[in-house]
There are 2 protein chains.
Amino acid sequence: MKGLGELERSIMDILWAQNTPLTAREVGRLIEDRDLAPTTVMTVLDRLSRKGFLTRTRDGRAWRYQPAASRDAYVAELMLEALDLTGDRNAALTRFARAVSGPEAEILRRALTELEEK
Amino acid sequence: MKGLGELERSIMDILWAQNTPLTAREVGRLIEDRDLAPTTVMTVLDRLSRKGFLTRTRDGRAWRYQPAASRDAYVAELMLEALDLTGDRNAALTRFARAVSGPEAEILRRALTELEEK
DNA sequence: GGGTAGTACTACGTCTTGTAGTGAGGTGTG
DNA sequence: CACACCTCACTACAAGACGTAGTACTACCC
């Protein structure tokens, strides 16, 4: 899949936080901290959609962009991808399980229990 | 942490597969498929140690390189890093739990149970 | 019809990565 | 000892990713 750059991630964050598709202008308005040229935002949106992270639909002359997948799906996929790098998935999973903090272990446990019940 | 390039990963794989520190020459000999100049291997080893993935110790004139962390630790760290990207760790963890295959879910479950018992 | 918004296309500097050359400093061997 | 050779440190360079932005053109609103 490949990771995202910093600006790219900021923009994905904005779009993930929204539940409606946004235009480049709207995204630009939501990045207050940085003072970016409108075309910069457009370029990045364009790259993100070319990479498959965003889908876009026409709205008049403008494009409206929205995430192709939820942030959670993206994160889960990154995690699975990391897992694929290992030769010994079991060892990596075990180590991962030990590394998550207590409350999170609880969440994992619960999700796995639900799985089991299905 | 940042990911590795393809050659970098191949070289890490070689070193992870070995249980003794290797010199650049030895690593080069173990990459048969590619026909790399010795200096190429040295450069990559150098970069990897500067990035903290390898440690090196002198052996006469040569350096011997070995992984700074096990592959499993690396993978687990990548997974945790991915997890940090999310706003909602619970949702991401839940989704991850649902995405792992059956046998792997079992391994996770077991690791978590051990945790609980400690 | 001029300002504004939006698009497509192009550009450019920086960083990373793959790949390698060069030159200097030891080392062993005949 | 002289020469071949290993290894290192340093430098280089092309390609691709990313941040950043300008230009030129079109369409719309007042």
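Below, chain A is the first sequence line, B the second, and so on; all start at residue 1. What you see is a predicted model, and the numbers here were worked out from it, not measured in a lab.
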Undergrad: Return the 5'-most residue of the pair Thr39(B), Arg47(B) with respect to DNA chain C, ranking by each residue's nearest nucleotide.
TA: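 Between the two, 5'-proximity favours Arg47(B).
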Undergrad: State which of dC18(D), dT17(C), dA9(D) makes the closest approach to the side chain of Glu8(B).
TA: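 Shortest atom-to-atom distance from the side chain points to dT17(C).
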Undergrad: Compare the minimum distances between each of dT7(C), dA5(C), dT17(C) and the side chain of Met42(A), then state the nucleotide with the smallest one.
TA: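 Per side-chain heavy atoms of Met42(A), the pick is dT7(C).
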Undergrad: Rounding to a whole Å, what distance do you find between Trp63(A):CH2 and dA8(C):C1'?
TA: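 One finds 11 Å between C1' of dA8(C) and CH2 of Trp63(A), rounded.
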Undergrad: Could you check which of dT22(C), dT23(D), dT19(C) has an atom nearest any side-chain atom of Thr40(B)?
TA: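 That would be dT19(C).
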Undergrad: Between dT7(D) atom C1' and Arg64(B) atom CZ, what is the distance in whole Å?
TA: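 Rounded to whole Å, this separation is 13 Å.
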Undergrad: Between dG6(C), dA9(D), dA8(C), which nucleotide gets closest to the side-chain atoms of Arg61(A)?
TA: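 It is dG6(C).
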Undergrad: At under 4.0 Å between heavy atoms, what does Thr43(B) touch on the DNA or RNA strands: base, sugar-phosphate, or nothing?
TA: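 Base contact.
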Undergrad: How many Å lie between CG on Leu48(A) and P on dC18(D), as a whole number?
TA: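 Answer to the nearest Å: 9 Å.
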Undergrad: Mapping Leu36(A) and Tyr65(B) to their closest nucleotides on DNA chain D, which lands nearer the 5' end?
TA: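 The answer here is Tyr65(B).
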Undergrad: Can you identify which nucleotide, out of dG19(D), dG18(C), dG22(D), has its nearest atom closest to the Glu6(B) side chain?
TA: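 Among dG19(D), dG18(C), dG22(D), the one nearest the side chain of Glu6(B) is dG18(C).
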Undergrad: Just call it for Arg25(A): base, sugar-phosphate, or nothing, with non-hydrogen atoms closer than 4.0 Å on any strand.
TA: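 Here Arg25(A) touches the backbone only, sparing every base.
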Undergrad: Look at the side chain of Ser70(A) and the backbone N and O of Ala73(A), then say whether any donor-acceptor pair between them is shorter than 3.5 Å.
TA: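 Looks like yes, one N/O pair under 3.5 Å.
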Undergrad: Distance from Glu8(B) atom CD to Ser10(B) atom OG, nearest 0.5 Å?
TA: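 If I round to the nearest 0.5 Å, the distance is 9.5 Å.
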Undergrad: Mind checking Arg34(A) for me? I need base, sugar-phosphate or nothing, with any heavy atom below 4.0 Å counting as a touch.
TA: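 Sugar-phosphate contact only - Arg34(A) comes under 4.0 Å of backbone atoms but never of a base.
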Undergrad: Out of curiosity, Arg56(A) CZ to Arg64(A) CZ, how far, rounded to the nearest 0.5 Å?
TA: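 If I round to the nearest 0.5 Å, the distance is 14.0 Å.
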Undergrad: Measure the distance from CG on Asp46(A) to P on dA11(C) and round it to the nearest whole Å.
TA: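 About 16 Å, once rounded to whole Å.
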Undergrad: Check for a donor-acceptor pair, side chain of Glu26(B) on one end and backbone N or O of Thr23(B) on the other, with a separation under 3.5 Å.
TA: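 Yes, Glu26(B) side chain to Thr23(B) backbone: donor-acceptor pair under 3.5 Å.
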Undergrad: Are more than 12 heavy atoms, taken from residues, nucleotides or ligands other than Asp84(B), located less than 6.0 Å from that residue's CG atom?
TA: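 Yes.
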Undergrad: Starting from C1' on dT7(D), measure out to CG on Leu45(B) and report it in whole angstrom.
TA: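 So the CG-C1' distance, Leu45(B) to dT7(D), works out to 12 Å.
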Undergrad: Quickly work out the Arg58(A) CZ to dA5(C) P distance and round it to whole Å.
TA: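 The distance from CZ of Arg58(A) to P of dA5(C) comes to 17 Å, rounded to the nearest Å.
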Undergrad: Rounded to the nearest Å, what distance is computed from the NZ atom of residue Lys51(A) to the C1' atom of nucleotide dG19(D)?
TA: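 Checked: the NZ to C1' distance equals 11 Å.
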Undergrad: Is Arg56(A) touching bases, backbone alone, or none of the nucleic acid, heavy atoms closer than 4.0 Å?
TA: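 Sugar-phosphate contact only.
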Undergrad: When you get a sec, tell me which of dA20(C), dC8(D), dT17(C) is the closest nucleotide to the side chain of Ala24(B)?
TA: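 So the nucleotide nearest the side chain must be dC8(D).
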Undergrad: Would you kindly give the CE-to-C1' distance between Met12(A) and dC18(D), to the nearest whole Å?
TA: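 Distance check: Met12(A) CE to dC18(D) C1' gives 16 Å.
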